[in-house]
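The first residue in the sequence is number 1, and the count goes up from there. Just so you know, ligand 1 is whichever comes first in the structure, and atom 1 is the first atom listed for that ligand. Every heavy atom of this structure was used, including side-chain atoms; hydrogens, water molecules and symmetry mates were not. Just so you know, these numbers come straight off a predicted model, no measurement behind them.
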Amino acid sequence: MNGLMQQQPLLISSFLQNAQRHHGEQLVVSRRVEGDIHRYTYRDLAARARRMANALAGLGVKPASRVGTMAWNGYRHLELYYSVSGSGAVLHTLNPRLHPDQVVWIADHAEDEVLFFDKTFLPLIESVASRLSTVKHFVLMVDKGHMPEQSTIANLQCYEDLIAGASDDYEWPVFDENKASSLCYTSGTTGSPKGVLYSHRSTVLHTYASALPDALSVSARDTVLPVVPMFHVNAWGFPYSACMVGAKLVFPGPGLDGASLYELFESEGVTVSAGVPTVWQGLLNHVQSNGLRFSTMKRTIIGGSACQPSMMETFEDTYGVQVIHAWGMTELSPVGTVGILKGTQLGLSRSERRAIQAKQGRSVCGIDMKIVDVQGNDLPWDGKTAGDLLVRGHWVVQNYLKAEGSPLVQSGHHLWFPTGDVATIDADGFMNITDRSKDVIKSGGEWIGSIDLENIAMSHPDVVMAACVGARHPKWDERPLLVVVRKPGSEVSREELLGFYEGKIARWWTPDDIVFVDAIPLGATGKMLKHKLRDQFWNYLTERQD
Ligand code: AMP
């Protein structure tokens, strides 16, 4: 017997309609690439998103067409979030920090038809435009006055002209909630990047769950400033959840340094923010060295890589800002677990509570998780036993775009997504990441694929073997360190090998240093035992004498 309730597909456009109808006067404030502060309301956002939906149709965008963006956090990007997905097309957010070759590969793989980009990225897009084989329209996200006098891109279009030339008379279409809404590529640590294709259903369910008080906790009384970029896993869902609850939204644009962020926090009365630890380090340095205080900030969500307990302490004890530690992945839309205490834990001592909050946290309802050993057997939730972390749920990837085979593994009665992280889970369900089974290097919250770096080094005629591992760095958390075995008799220098990377990868991927060794330890199957190197050289960059 079926229930007798209305059935409406779960669609992203419902958030915008809700924001317009019930929070029409609420503000969206953006620091623009042009340098000034722009402010308008959710009602304005909705009207311009409808205009853009009409403009997209005029460009030939159809349901399922991929529309790429390369943009900072800002109101025009938000308009694209809603106009592209809301009209049934797929929003593909490109990460500008990738090497241009990767940008080309990803845009081609996604078959992007239109590419919208901020002026910051004009030189990058100009340098790759001729290689983007599927892109038919290039749109610069500025008004007429900020269009360049000339560009190597023929028929470069102007965002504000598109908006001005389109009607705001548009009905958001209703379609199957399982249709694709947006696309985000993982950093591709083993070979090519992988496309995670979110659906309207997965995104809407993720939005409802992530806004809960025990998750990222957003409400109509909040002013939210997502520092986490809209090109990285949909800015952890804030562009959707803020509209869903009617929170004031503040976008930092390209200004991610401590001083710019602090200024916006104070001038706009920000209560909640979210980002990776490196960003918060910059903010704390600024606040500490200038003797400043936060007058409105209540909490900040820290994730993407592990939040150091000392950072949590400084935020809470010195500045009265609650830190919420969260874990997630591109493959999870991204929210998986959040470190918020249970009621039964509130009576614990301060140090006991801190120890729990330092963990990555409890799974949000809608995500199930477990840890298993190498044979796939379930491991106990004792807070001590570490195993491979598996997850399943409404907003977890099933297949990568155009990939053969599924990444899922059978365990017990269900199929699970292997996260590649190694973790413990305690009796209260708090998960703690102890290691990554992947060998990626996390620099300032961004991944650097070690295999790419090794392959380049090993293409040098004087290198026999090379391993790249993350070494501890005071500012970036980790930086790549290259461990090299030279050909017998070769004197190839550190400088020459570092110079060998020039032009082959994004500059910030270049290893910070090189160590020459006689041999790299190998495992039974001939694979390099990189965890041994990591242990050996973990403090190398902080202890080296320059
Ligand atoms: P991404 O898909 O780029 O968001 O990266 C996901 C990976 O980042 C996870 O598999 C973890 O290895 C790592 N990660 C995310 N959040 C945390 C956290 N709070 N602590 C430690 N590692 C994290």
Check the angle between the aromatic planes of Tyr185 and His92 and answer parallel, tilted or perpendicular using the 30° and 60° thresholds. tilted
Considering only heavy atoms, does Gln360 approach ligand 1 within less than 4.0 Å through its side chain, its backbone, both, or neither? side chain
Once you restrict to heavy atoms under 4.0 Å, what part of Thr330 touches ligand 1? Side chain, backbone, both or neither. both
Evaluate the ring planes of Trp105 and His109, with Trp represented by its six-membered ring, and classify them as parallel (under 30°), tilted (30 to 60°) or perpendicular (over 60°). parallel
Relative to the ring of Tyr240, is the ring of Tyr81 parallel (under 30°), tilted (30 to 60°) or perpendicular (over 60°)? tilted
Donor-acceptor pair between Arg201 and Asn178 side chains, under 3.5 angstrom: no
Please identify which atoms of ligand 1 are closer than 4.0 Å to at least one heavy atom of His232. 1 (P), 3 (O), 4 (O)
For the residue pair His206 and Trp395, does the interplanar ring angle fall in the parallel (under 30°), tilted (30 to 60°) or perpendicular (over 60°) class? perpendicular
Using the ring of each side chain (for Trp, its six-membered ring), is Trp280 parallel, tilted or perpendicular to Phe265, with breaks at 30° and 60°? parallel
Tell me the contacting part of Pro334 for ligand 1: side chain, backbone, both, or neither, using a 4.0 Å heavy-atom threshold, strictly below. neither
Can an N or O of Glu331 be found at a distance shorter than 3.5 Å from an N or O of ligand 1? no
Heteroatom distance test (Ala326, ligand 1): nitrogen or oxygen, under 3.5 angstrom: yes
4.0 Å heavy-atom contact, Thr186 with ligand 1: no
I want to know whether Phe15 and Tyr82 have ring centres closer than 6.0 Å. no
Heavy-atom contact check, 4.0 Å cutoff: does Gly328 meet ligand 1? yes
Using a plain distance cutoff, I'd like to know if Gly304 has any nitrogen or oxygen under 3.5 Å from a nitrogen or oxygen of ligand 1. yes
